[in-house]
There are 2 protein chains.
Amino acid sequence: MSDKLSYVAQGLLDVVPPIMHFIREEMRRQSAGANALSIPQFRCLAFLRRNPGAAVTKVAVHQGITKATASDIVERLVQQGLVNRQIDPTERRRHRLTLTPAGDQVLDDARKATREQVKAVLNRLSPAELVTLADALPLLTSAFQEVLPPNL
Amino acid sequence: MSDKLSYVAQGLLDVVPPIMHFIREEMRRQSAGANALSIPQFRCLAFLRRNPGAAVTKVAVHQGITKATASDIVERLVQQGLVNRQIDPTERRRHRLTLTPAGDQVLDDARKATREQVKAVLNRLSPAELVTLADALPLLTSAFQEVLPPNL
DNA sequence: TATTGTTATACTCTATAACTATA
DNA sequence: TATAGTTATAGAGTATAACAATA
């Protein structure tokens, strides 16, 4: 029992960092130059698309980072013209964050390009193997979702 | 066909970053303070354990980073007393990198502690679900191994 | 000339602590 | 007092470019 658990755990620790590295590289290459997006920026944009008008603290909780870090990330996105930041009239301490049209576009492009690269890699697998993966990924999501911030 | 591929690719893009974040957080918490290890440092130590005497360029290629970055990472590990760096007598441009006993110990501790945390998360899954994961992880490894540097 | 490694410079992510403004 | 957000400071990872030493 504990053996299988250990095996899977170690497997995750072995395979996740390199895949993460691959994703990061692809996002850097794809959106190289002008509209380069980092992973945290990407996740921030994706979060804001799903939660328009969210505040900085919400972004921080979602990413599992501090308010200070979230504030920095948002600041850079605002400077790049990808995020709109307005004071909430009903709670003037709070900011309402939304995607600009440019932010929406950049997010779409980055997401699409990166997904194509990942697809090219996964294309090496057989249909049956893809099914196994398709079954496994939701399990990871459900296992980690209670430990991680909501709205992956 | 392409639908399943897209689904799995997007699933990976959704689930990998948060898991990576979890791993990073745990490694930071576990080895907090004195012997704190970052993921790149961790991977560097693990690589040097498997490839004692490797040169800086080998580390760079393995991690998919530049020589400059690898040099920085190694430098910090040397300063922490975790890695030994000696000029290769037969090729004086090259450095022979090895783990110190302390580096070996720290690597073991970090690996063990982080794996325990991941196990605790995976413990939410049923035995059957664990089997699915155990089947899936090697598929990811094989799919990405040709795109990524060797010796994950 | 080509290769190994370091240094210089710059940017992003990250944290903690201190701060401002608002409630 | 408590909360939302920013700023200050510091350290790590990352890249490119320039460099020194060696081959």
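Side-chain atoms are counted along with the backbone in the values below, which use heavy atoms only and exclude waters and symmetry mates. Quick note on labels: first sequence line is chain A, next is B, and so on, each numbered from 1. Since the model is a prediction, treat every value here as computed from it, not as a measurement.
With contacts defined as side-chain heavy-atom distances shorter than 4.5 Å, the pair A:Glu26/A:Glu116 does not qualify. With contacts defined as side-chain heavy-atom distances shorter than 4.5 Å, the pair A:Leu107/A:Arg49 qualifies. Contact check for A:Arg96 versus A:Ile87: no side-chain heavy atoms found under the 4.5 Å cut-off. No side-chain heavy atom of A:Thr98 sits under 4.5 Å from any side-chain heavy atom of A:Leu48. Within the 4.5 Å cutoff, the side chain of B:Gln86 has no heavy atoms near those of the B:His95 side chain. Counting heavy atoms from C-beta on, the side chains of B:Pro127 and A:Lys4 never come closer than 4.5 Å. The shortest distance between side-chain heavy atoms of B:His62 and B:Arg50 falls below 4.5 Å. Inter-residue side-chain proximity for A:Val78 and A:Asn84 is flagged as unmet; no heavy-atom pair is nearer than 4.5 Å.
Atom-to-atom, CZ of A:Arg94 to P of D:dA2 comes out at 18 Å; the value is rounded to the nearest Å. Atom CD of B:Gln86 and atom P of C:dG5 are 14 Å apart (whole Å). Between the CD1 atom of B:Ile65 and the P atom of C:dT4 there is a distance of 16 Å, given to the nearest Å. Distance A:Met20 CE to D:dT14 P: 11 Å, rounded to the nearest Å. Distance, A:Glu75 CD to D:dG5 P: 14 Å, rounded to whole Å. Rounded to an integer number of Å, the gap from B:Met27 CE to D:dG13 P is 10 Å. Going from atom CG of A:Leu97 over to atom C1' of D:dA4 covers 12 Å, rounded to whole Å. One interatomic measurement links the two molecules: NZ of A:Lys67 to P of C:dA17, which rounds to 13 Å at whole-angstrom precision.
Taking for each of A:Arg24 and A:Thr69 the nucleotide of DNA chain D with the nearest heavy atom, the 5'-most of the two is the partner of A:Thr69. Each of A:Ile39 and A:Ala68 lies near DNA chain C, and the nucleotide nearest A:Ile39 is the one positioned closer to the 5' end.
Between B:Gln10 and A:Arg115, the side chains place a donor N or O and an acceptor N or O closer than 3.5 Å (distance only, hydrogens not considered).
Considering only side-chain N and O atoms, A:Gln41 lies under 4.0 angstrom from the phosphate OP1 or OP2 of C:dC13. Regarding contacts with the backbone of C:dG5, every side-chain N or O of B:Arg96 stays at 4.0 angstrom or more from both OP1 and OP2. Proximity of B:Thr57 to the phosphate of C:dG5: a side-chain N or O atom is located under 4.0 Å from OP1 or OP2. One finds no side-chain N or O of B:His21 lying less than 4.0 angstrom from the OP1 or OP2 phosphate oxygen of C:dC13.
In this structure, the nucleotide among D:dG5, C:dC13, C:dG5 sitting nearest to the side chain of A:Ser38 is C:dC13. Closest approach to the A:Thr66 side chain among C:dT7, C:dT16, C:dC13 is made by C:dT16 (side chain taken as heavy atoms from C-beta onward). Candidate nucleotides C:dC13, D:dT14, D:dT6 were compared by shortest atom distance to the side chain of A:Ser71, and D:dT6 ranks first. You'll find that the side chain of A:Arg28 is closest to D:dT14, out of C:dA15, C:dC13, D:dT14. Closest approach to the A:Pro40 side chain among C:dA8, C:dC13, D:dG5 is made by C:dC13 (side chain taken as heavy atoms from C-beta onward). When distances are taken from the side chain of B:Val56 to each of D:dA15, C:dG5, C:dC13, the shortest belongs to C:dG5.
Residue A:Ile73 is classed as a sugar-phosphate contact, given heavy-atom separations below 4.0 Å to backbone atoms only. Using a 4.0 Å heavy-atom distance criterion, A:Ala70 is classed as making no nucleic acid contact.
Ionic pairing of A:Glu75 and A:Arg85 is present here: one or more N-O contacts between side-chain nitrogen and carboxylate oxygen are shorter than 4.0 angstrom.
Connection of B:Leu140 to A:Val131 is not established within any shared hydrophobic cluster, with ILVMFWY side chains joined at heavy-atom distances below 4.5 Å, either directly or through further cluster members.
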Between the protein and nucleotides 9-11 of chain C, are there any N/O to N/O pairs under 3.5 Å, and if so, what are the atom names and distances?
none

Dump the pairs, protein N or O against N or O of nucleotides 20-23 of chain D, anything under 3.5 Å, distances to one decimal.
| unit_1 | atom_1 | unit_2 | atom_2 | d |
| --- | --- | --- | --- | --- |
| D:dT22 | OP1 | B:Arg92 | NH2 | 3.4 |
| D:dT22 | O2 | B:Arg93 | NH1 | 3.3 |
| D:dA23 | OP1 | B:Arg92 | N | 2.8 |

